[in-house]
Structures are given as structure tokens and as C-alpha cells.
Amino acid sequence: MSYKNFADIPKTYNPKDVEDKWYKYWYDHNLYHSEIDDSREPYTIVIPPPNITGILHMGHILNNTIQDIYIRYKRMCGYNACWVPGTDHASIATESKVVHYLKEKGIKKHDLTREEFLKYCWEWKDKYGGIIIQQLKKLGISCDWRRERFTMDSHYYKRVVETFVDLYKKGYIYRGFRMVNWDPASKSAISDEEVFYKEVNGKLWYFKYPVKDSEEFVVVATTRPETMLGDTGVAVNPHDERYKKLIGKKIILPIVGREIPLFADEYVDKEFGTGAVKVTPAHDVNDYEMGLRHNLEIINIFNEDATTNENVPEEFQNMDRYEARKKVVAKFEELGLLEKIDDYTNKVGYSQRGNVPIEPYLSEQWFMKMDELAKPALEVVLNGKVKFYPDHWVKTYEHWMSNIKDWCISRQLWWGHRIPVWYCNGDDHRTLECREPIVSVEPPEKCPHCGSTNLHQDEDVLDTWASSWLWAYDVFTTKEEQDYYYPTDLLVTAPDIIFFWVARMIIAGMHYKKEIPFRDVYFTSTVRDEQGRRMSKSLGNSPDPLELISEYGADALRFTMIYIAPLGQDVLFSSDKLELGRNFANKIWNAGRFLLMNVQNIPVDKELVDKYLDFTDRWILSRFQKTIDMFTRAIDNYEINNAIKIIYSYVWNDFCDWYVELSKQRLYNGTDEEKSAVLSRAISLFEEMLKIIHPFMPFITEEIWQLFDERKDGESISVTEFPKYYGILVDEIAESNMEFVQNVVTAIRNIRSEMNIPPSKLINVYLKTDKLTDEQNKYIKSLVRIDKLKTDPNMEKPRASASAVVKGCDIFIPLEGIIDINVERARIEKEIKRLNGSLEGVRKKLSNENFVSKAPPEVIEREKAKMNDWQAALAKLKSILEDLN
RNA sequence: GGGUUCUUAGCUCAGUUGGUUAGAGCGUCUGCUUGACGUGCAGAAGGUCAUAGGUUCGAAUCCUAUAGAACCCA
């Protein structure tokens, strides 16, 4: 095809020449498009939609490679394979990107109207939002690109809104004034799952609070001094003898001068700090709870960006929280109320988005009641309808689902699905009912209570996950499609979004479709650097996959990632590991090259593929069947790592190292028809091997497959049939004949190497055996450089020869004048020592009465056979050794 | 503090329901311009299976404890 002459095929595989070419070919021929076809079973995957702000990282590579392996494999197995790609609008991330983008243009978000801002968002999305998809294509993934979706497509947008309205009407969604995790950077609430905890080396400050009408002080310890400006109480444990007499007294809050109560609450830990804690109900979850229990005043001291507001003394107003902290501490010191400062390590909640410490903050938000919705979703995982791989994630899932809390779904952002709720601004006719929110898919014309048309819509948008939880079915836009493709078959995702996304998709699926969203969930490994650190932008330890692809090829990258990433374990990645995949690609390339070079001189005839079969052919075909069988079982069980090793070892060790070498004997010395049969068979087998490799390495397999024959336009290895297991081709006799040859050959090579016989030198080999056929001898001779090969069941050991014993055959290599008796003696002695060690173990077992009476008979038989073989070999070796002495 | 997982060769990892002499890749050592491949070929060295007990005829595998590591939740 691309080579005029097969002899021109380069010695090293160059992925750059082929990858873009075949990707375009697949795309142009629309090979991976799926339509409803009732005559075929669907196999469906929906992509975990990457953020439009995302850029390709190693996690995407691993995740999408796995999805592509399964979709390609199942497609070749005859399923109507459909892989739906798409992207996620990512409210917070995108909005901050756009704010930044506008800043560079000198525009401030709040100088714009909502509509103007959203126009910029779409502009940004059109410009940058498709980058990650373009990058993913470099990996060779076989998505159905005609089905590409976006979470803010009009159809999808509408479904998200409808879902909100429906759940509100069913009573699952409510509005509440609650303490939420506030991200002061994006000025929005975030959900519990978006908070991560960092160990921070901080301080513990001890403040003296004066007791009213007394000379006494109560000392409180705090990690957040600035919040004292909002303190409305001091709490102690009711059983704490130190403070019993003070309970009920008043404290004069320093700086502020507020009179606050000292009260008792079981929550207080006597051991922590001084046993007395300051209580700031507006800015700490536990304090908030205590505040409710004891009717404390709730004083909010922060603005939305966590600067201090008008509720604090004037000299502390409009300061950043950390600046306020310094100033408060300084003031305490000045007042002589700072008792001491200790070093203290504590865990601080950070926003996953803004990477700033979150602020517990009271605000009005929308929540979803989860406990009832979660029940069916928990059940289908516990009863195995949805299977997790690895399955230990079930326990984590169960724990979270059984303790599930209400979900804060509103975000104070503009980019996203705007909450479909309107409020009556009221006018003269305003009634009490007008306070009720008007929840509706379409904007209401007027207030249903007073008839006013003066309405305004809720300013907030929904949490992004409250849209992507519909992804598994609403990427399909008609009922017919949902009926055909849903439930999907496989979800491949990272375990860190098990709650964000996996759990919620199951919840949505069970509630709306009364059916699981996917049968199997594959949780990928976490890709780390060589030192085991998470890959991150700030560490700079995250390689650019596109550079890796350009250096090593997408196939090499895909192969290596799967090879080093076992199910359920983290993978330590470094780019030099890609040599493994690159080398394997090169090996495949050269095996193909070998066959194609022979096509120059030997005609290929498909009629001959099963003619002139000898034991080497039966062996390689038998091994191939077993390989298919093992491979299929591994991949069906999501042991991808294992599957790839099975095919790797077959291709490299069985086919290349042995079969190709064996085939040369006949390719160079056979009759014309025999040559043709051997070559045709090798090519036909190699094509089948390429099909198994194809899901892992789509480009190189396509390239070679296309070279083997004149293919029609639109033909592709990716839509051929996957090799099936035919047990009838398994041939144990051929395998054992081959194993015998391998053992003899290896033993001879070992002697050559240890005796330092140069590879160029021909040797004579005498075999004492009654088992080897002429055919086997022919191959032995061709695999080691042998001049004369003699076999005789009564062979006498020639003088001055090196020896080896394999089961069924004694090997003698006469080395008059070459042999170093000391080396040979050492070789034999070593072998004797090894055998003796092994024999000892077996003898011990067999002389143990308990073993003989209790172990199963077949185990005992095996041990006895072992002992006999080893004893025989040992006896031979001993006589050889005596002969040397 | 609760939960999950892990500890096997110098490194990274396999090792099915307990049953050959515990395997692979990388790395190391030796030799090799053998007509597919030096991104290769041939050969070799290298492990008290974290530690201590226990169950069993038999343990890398099952149980208990200890030590260490990672992750999740609070």
C-alpha cells in the first residue's frame, strides 16, 4: 500500500507516519457510528465527560484507553457498540476561567449583565472547550463522534431543569438557611464532597476572656482568632470541675465588649486546650449546633469574599480574614490578654476548586433530600446488579450511602443550569402565599397568587453534578434510543468521583428509569509519579500526554499504561517506562516485516493454510487457542493487565522467539508449495494475533493488517471478527513434543554459553534418547549451530564431552580440546546440588505418614512421579561426574 | 478515631478454590554485526514471600497479633 516494495519497510516502526492517517480514515468512514438495530445486542459506554476547561492528563489516558479497549473488543465480538463522547460545562471551573479571560481584556464580571457574561462564556467554550476532545482523538479512541454531547446542549439543559421541577414537586428539593461550605474565592457554596482536608502547621492561641463582675479570666484556645469577633458564648463541659462554679456567669468579650454567656454543653472536650471553648455560631458547624441548642445570637462577621463586615468593630472592618487574624492577636497582646501560643497541626478544609480554605458560612441555599432516593441505589450495588471492579469499593459506597446527607445543589454562579424558580416581587396585591417560590420549567407569566407579572428568577445555578447525574440516559435524546441503549454496559471512572458522580447516576437511574445506569463500573488506578506522588500542576510532575504520544506513539502509550496499571492499585508512571510499549510495537512491526519480506519471493495462497502441518504448526496453533481462551476470560473479568500480558507473552515468546525461527527451516529449505503453505499459515495466524492486539494498539495493527492484503476502501481491522476459541485445535501431544525440543535446545544453548563456545562455531551433539523423531531433530539442528547431530537410545558418552540431562534425553557435546573440566565439573555439581535440594523436600513429604494418609491421591502420585524423575536424573549426573573425575 | 487496601528479586508488580523447583518486565552480568528486529538475540545471577504466633499432612496463599505504607470518611 504505502510501500512500493516490501523490502523498503523501515527497520523501526515509526508511529508518526501512521497514526494520523488511520484516525482520519476511521473518522471519514464513520466506522464507529451506532444506530438502533434490533437484530443486534447493543454494548454501550458513556464517556465520563471531561471538563471543557480540562487539558489532557495521564488519568484521561488511562481511563479512555480502557474504555476504548472494551468498545473495540465488543465491537469486534459482534455487538452494536456505541461509545458516546462529550464534555461537561463545569460551572465553577469555567466561570473562573472566563473571569480570568475577561480580566485580561480589562473587563470585570460585575460590570456585565448576566446575559453579557454568558455570551462571553459561550464564546470561551467555542474557542477552548473542544481542546480536550481534540487531544483525546490523538489517543485513537473509537467514539461515536456523531453523538457528541455537552451538558448544556438545549435538550440536555431542559432535562436538567425538568428534573429539578419534578423533584421539587415530589418534595425532594427544598430551600433552607443553612451553614454551607463557602468558597470565598468563587463566592459560592460548594458541596461536602468538594472539600478536601489538608494538614496545616498552624498555631493554637490562648486568649484570656474576663468574667463579668470578677477578677477572674477564662482561657479559651482557638485556631482561628479572628472569629472571636463573632463570638456569642463560651462553652465548657458540664462535668468539668474547673469551670462548674462559673457556669451561668457572663463573659465580657474583649475588643468587642459584648456580654456573652458561659454555658455547659456535652460537646465540649475537657481535654482539648483549656477545656473552655469560644463559640462562634455563624462560622463553625459545631458552634452553630451549640448556638441552636442554647439560643445564642448568630452574628455573621464576614462578607462573601471572607473579608470582615460591618458587624465587627470599625477598626477591624473590611479586612481579609488573615489580616484580621493578625490584628486580633496583636490587640490581645496589647491588652495583656494573650496567654500563650502553641504550635498546632490541624486539618483545614479547602475548596477543591479555588484551593483556598473554605469558610463555614450561613446562607440561603437549595438542598436535595437524599436518604429516601439513595435506598434503591444502595440496594442494586449490594445485591450485585451493579458490579464494582475492584469490588472493595462496594464497602466505601455502602458507608457513604447509608450516612448520606442532604445535597446542597445551588451555586452562586452564572454559568450553568439556572435554577428554575421565580419569586413574586409583589405589588399592591401581594399576599402571604406570594412568598412561595414558583417552580416551573417554563418562565411563568404571572404570580399564581396575586397575578403580578413583576417576577424575578432565582440568581443561582445548579451544582454541575446535578446535571451530569443524568448523563447515562439523557445523552440519548429519544425514548427509543434510551430503551435500546440503556442501561449502559460499562462505566470507567476514577474512584475519587464515586460519590460525586457514580452514586448520583445510580440514584437518578433508579429513580427515573427504574433501572441501573450501568452493569459494571471499572475504577481506574491513580496515576502517580515515580516517587508515588499524585500528579499535579503545582508539582510539575505531570507529563504532557501529547508530547509522550509524539515521542513514543499512541499505541506505545496505551500499551504501557495498561501493562503497568493493575486493577485496584496505584500506578507509578515515568516516561521511560514507555520504552516497554515502544519496544513491543517495534517487535510486532518487525514480525510483520519478516513475513512481508518473504511475500516478495513466496506466493501467498490461502488454500494452503492448513497444508503441510507438522508438530510446530500444531503447537503454535494450540498455544494460540489457549491464548484466546485465557485472554477472553481475563478481559471479560476486567483483568486487562493480565489480558495484555497473555497476548504479549504469546506474541513475543511463542510466536517471535520460537515459531518464526522454526518457520525459517521450511521457508528456506522447503518445496515451493511447502514454503507457500508455511508463509500463508504464518500470515493468517499473525493477522489473527493482530486482531487480539488491536483493541490495545489500534494504529499499528491497522497499518500492518492493511499491508497484508489489498483491502477495499472502508475495510478496517477494527470491524473484523474477533478470534474465537476452538478447543478442537488444542493439541497436547504437539505441545509436549515442542516442549521437549525446547528443553533440549535450551540445554544445548546453556552448555554453549557456559563453555564459552562462540556462536559461530559449529558443534556436534549426541543425544541419548528414544523419543526424538527426525522431524524434531531437524528443528533442533536449525535452532542451534550444529554440524552433526546423532541420536541413539544406547548412546555412550563420548570422551571429553559436556553433558546435560533433561527428562527423556541425555545430551553430550564432545569438546575434545575445548572443554574445561573444572567448569564442566562445577556445572554438574551445581545441578546435582539443586536436584538434591528439591529431592529432599519430596522425600520428606512422602515419608510423612500424615501426608500419605491424608493428602489427595493425585497429589501423592504427582510427588512420587517427581521423585522418580529427579532420582533418575540425579543418578545420571552422578555417573557423569564420576566419569569426569 | 472509624473504614478500605497493601508489604513477594535491586526497582515495579503477577501468583486463581492452600498442593511441581514462587513467576514477569525493567535493571545487572556474560557472549553475539546468525539474511524481521541491538527498540534485538542467546545464556546467567538474584527471593527465609514484612515480623511473630496459630490452623493444616502441607501456607506467599487461611486466622490472630505486631510493625510499616497508602487511600477514604469523621
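The shown structure was predicted, so the numbers you read here are calculated from the model rather than taken from an experiment. First the proteins, then the strands, lettered A, B, ... as listed; each starts at 1.
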Using a cutoff of under 3.5 Å, can you pull out all pairs of nitrogen or oxygen atoms linking the protein to nucleotides 42-49 of chain B, with atom names and distances?
unit_1: G43(B); atom_1: O2'; unit_2: Ser753(A); atom_2: OG; d: 3.2
unit_1: A44(B); atom_1: OP1; unit_2: Asn750(A); atom_2: ND2; d: 3.2
unit_1: A45(B); atom_1: OP1; unit_2: Lys830(A); atom_2: NZ; d: 3.2

Considering only nitrogen or oxygen atoms on both sides, find all protein atoms under 3.5 Å from nucleotides 4-11 of chain B and state each distance.
unit_1: U4(B); atom_1: O2'; unit_2: His392(A); atom_2: ND1; d: 3.4

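Along RNA chain B, the nucleotide nearest to Cys656(A) and the one nearest to Leu572(A) differ in position, and the one closer to the 5' end is contacted by Leu572(A).
Set against C57(B), A36(B), U39(B), the side chain of Val660(A) has A36(B) as its closest nucleotide. Of the candidate nucleotides U21(B), A36(B), G25(B), U21(B) has the atom lying nearest to any side-chain atom of Lys866(A).
Ion pairing of Glu398(A) with Lys395(A) is absent here, as no side-chain N (NZ or NE/NH1/NH2) approaches a carboxylate O to less than 4.0 Å. The pair Asp617(A)-Arg666(A) meets the salt-bridge criterion, with a side-chain N (NZ, NE, NH1 or NH2) lying under 4.0 Å from an Asp/Glu carboxylate O. With respect to Glu863(A) and Lys844(A), no salt bridge is recorded, no charged nitrogen being found less than 4.0 Å from a carboxylate O. The pair Glu824(A)-Arg827(A) counts as a salt bridge, with a side-chain nitrogen and a carboxylate oxygen less than 4.0 angstrom apart. Between Arg224(A) and Glu359(A) a salt bridge is recorded (basic side-chain N to carboxylate O distance below 4.0 Å).
In this entry C71(B) has G3(B) as its Watson-Crick or G-U wobble partner, both defining distances falling under 3.5 Å. In this entry U30(B) has A42(B) as its Watson-Crick or G-U wobble partner, both defining distances falling under 3.5 Å. When both pairing distances are held under 3.5 Å, U56(B) makes no Watson-Crick or G-U pair with any nucleotide shown.
Proximity of Lys854(A) to the phosphate of G58(B): no side-chain N or O atom is located under 4.0 Å from OP1 or OP2. At G23(B), none of the side-chain N or O atoms of Lys645(A) fall inside 4.0 Å of OP1 or OP2 (strictly under the cut-off). In terms of phosphate contacts, Tyr668(A) brings a side-chain nitrogen or oxygen within less than 4.0 Å of OP1 or OP2 of A36(B). Look at Lys587(A) and you'll find a side-chain N or O under 4.0 angstrom from OP1 or OP2 of C41(B).
Only the P atoms considered, A36(B) is 46 Å distant from A50(B), to the nearest whole Å.
The aromatic ring centres of Phe388(A) and Trp393(A) sit 6.0 Å or more apart.
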